[in-house]
Amino acid sequence: MIVAATEPAPPAVSPGVGRRLMAMIYDGLLGLGLIMVFTLAVVLALGNEVAAGSLWFPASLLGVLLLLFGWSWTHGGQTLGMRAWRLRLERSDGTPLDWPAALKHYAASWLVLLPGLLGLWWAWIDRDKRTLQERIADTRTRLIPKG
C-alpha cells in the first residue's frame, strides 16, 4: 500500500494594511446599505420617525451590524469585502470563529474607529502584523493564496 505524503499547510500570511482597508470600505458600504434598509423598515413600521433620544434604535443598528459580521465570520470567516480581497478571519490558532469569538472581535473592532483608525495602523508595528482588535480578541486575519 502506498501512502501519499501530505504537504504541510502553508504558513498564515498576514495581509497588508491597504488590503485590509479596502475590505473595510467594501464592508462599510454593505453595512451602510443594510442600515438604510433597516431604518426604512423601522420608519414604515412606526408610521413616523424614530423619537429623538431613543436608545433602542442605535442599539438595534449595532445589533444589525453584529448579525451581518458575526454571521459572516462564523460561516466561512469572510465578509463580502474580505472575499473580494482574499482575507479570512480566524482564531489565533487557525480555527474558525464561533459566536462568542465573533462577538469579542466585533466589540474590539470598534477600536478601529479611534482617531486616525489607530486599531488598523497598529498592524504596522505589531510583531505578527495583527491589528489592535485582533490582539484584543485573540484573532488573526490571513491572506488566502490565489487559486
Side-chain angles (χ1 to χ4, degrees), residues 4-44 49-147:
T6 59
E7 294 182 27
V13 176
S14 186
V17 171
R19 186 177 288 269
R20 291 172 187 261
L21 185 59
M22 293 307 295
M24 286 173 53
I25 290 170
Y26 279 41
D27 290 335
L29 291 171
L30 177 63
L32 181 62
L34 189 60
I35 285 173
M36 291 172 67
V37 169
F38 177 78
T39 301
L40 177 63
V42 168
V43 169
L44 290 175
E49 61 192 37
V50 176
S54 298
L55 293 178
W56 69 268
F57 185 67
S60 65
L61 294 179
L62 290 173
V64 165
L65 291 176
L66 171 61
L67 289 175
L68 168 66
F69 292 111
W71 188 87
S72 297
W73 293 331
T74 58
H75 292 81
Q78 295 178 291
T79 59
L80 185 61
M82 293 172 84
R83 283 179 192 249
W85 289 92
R86 296 188 353 253
L87 305 176
R88 178 170 291 128
L89 182 66
E90 55 194 28
R91 294 175 191 256
S92 292
D93 63 4
T95 59
L97 269 66
D98 56 8
W99 271 100
L103 178 60
K104 188 174 179 182
H105 186 85
Y106 174 79
S109 291
W110 285 100
L111 291 174
V112 169
L113 300 178
L114 289 173
L117 299 174
L118 177 63
L120 177 64
W121 308 131
W122 183 269
W124 279 340
I125 62 171
D126 188 86
R127 70 178 182 271
D128 299 321
K129 300 190 182 324
R130 290 166 60 188
T131 62
L132 187 55
Q133 64 270 22
E134 290 171 347
R135 279 280 167 210
I136 292 169
D138 197 29
T139 57
R140 71 176 182 200
T141 301
R142 70 177 178 95
L143 182 61
I144 299 170
K146 288 183 180 179

Test: side chain to side chain donor-acceptor pair (under 3.5 Å). Region: residues 58-76. Which pairs qualify, not counting sequence neighbours?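 Pairs touching residues 58-76 that pass the test: W71-H75.
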May I have all residue pairs that pass side chain to side chain donor-acceptor pair (under 3.5 Å) and include part of residues 22-32, sequence neighbours excluded?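 Listed once each, the pairs are D27-T79.
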What pairs meet the salt bridge (Lys or Arg N to Asp or Glu O under 4.0 Å) rule with one or both residues in residues 136-147, with sequence neighbours excluded?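 Qualifying pairs: E90-R140, E90-R142, R130-D138.
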Summary of salt bridge (Lys or Arg N to Asp or Glu O under 4.0 Å) pairs that have at least one residue in residues 69-88, sequence neighbours excluded: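 Applying salt bridge (Lys or Arg N to Asp or Glu O under 4.0 Å) to every pair that reaches into residues 69-88, excluding sequence neighbours, yields nothing.
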Nearest 0.5 Å, please: how far is [atom2] in [Y] from [atom1] in [X]?
{"X": "L132", "Y": "L114", "atom1": "CG", "atom2": "CG", "result": "7.5 Å"}
{"X": "D93", "Y": "T139", "atom1": "CG", "atom2": "OG1", "result": "11.0 Å"}
{"X": "L21", "Y": "R19", "atom1": "CG", "atom2": "CZ", "result": "12.5 Å"}
{"X": "L111", "Y": "L120", "atom1": "CG", "atom2": "CG", "result": "12.0 Å"}
{"X": "L66", "Y": "L61", "atom1": "CG", "atom2": "CG", "result": "12.5 Å"}

Could you please spell out the steps behind the side chain to side chain contact (heavy atoms under 4.5 Å, CB included) verdict for F69 and L30? CA-CA 10 Å; F69 292 111; L30 177 63; over 6 Å; no
Nearest heavy-atom neighbours spanning [X] and [Y]:
{"X": "F57", "Y": "V50", "value": "CB-CG1, 3.8 Å"}
{"X": "T131", "Y": "G119", "value": "CB-O, 3.3 Å"}
{"X": "G31", "Y": "L65", "value": "CA-CD2, 3.8 Å"}
{"X": "A102", "Y": "G70", "value": "CB-CA, 4.1 Å"}

Is there a donor-acceptor contact under 3.5 Å from the side chain of Q133 to the main chain of Y106?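 Such a contact is absent between Q133 side chain and Y106 backbone.
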Are the side chains of [X] and [Y] in touch, meaning some heavy atoms are under 4.5 Å apart?
{"X": "L80", "Y": "W85", "value": "no"}
{"X": "Q78", "Y": "L89", "value": "no"}
{"X": "F38", "Y": "L34", "value": "no"}
{"X": "L97", "Y": "K104", "value": "no"}
{"X": "R91", "Y": "D98", "value": "yes"}

Testing D128, D126, T141 for side chain to side chain contact (heavy atoms under 4.5 Å, CB included) with E134, which one passes?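 The residue from D128, D126, T141 that satisfies side chain to side chain contact (heavy atoms under 4.5 Å, CB included) with E134 turns out to be T141.
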Tell me, please, which residues at least two apart from V37 pass side-chain contact (heavy atoms from CB on, under 4.5 Å).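 Checked V37 against side-chain contact (heavy atoms from CB on, under 4.5 Å); zero matches.
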Suppose we screen for side-chain hydrogen bond (donor to acceptor under 3.5 Å, both in side chains). Which residues come up paired with S14, at least two apart in sequence or across chains?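 side-chain hydrogen bond (donor to acceptor under 3.5 Å, both in side chains) check on S14 returns R20.
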L55 atom CG, neighbour heavy-atom count above 12 within 6.0 Å: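 For L55, atom CG is not crowded (no more than 12 foreign heavy atoms under 6.0 Å).
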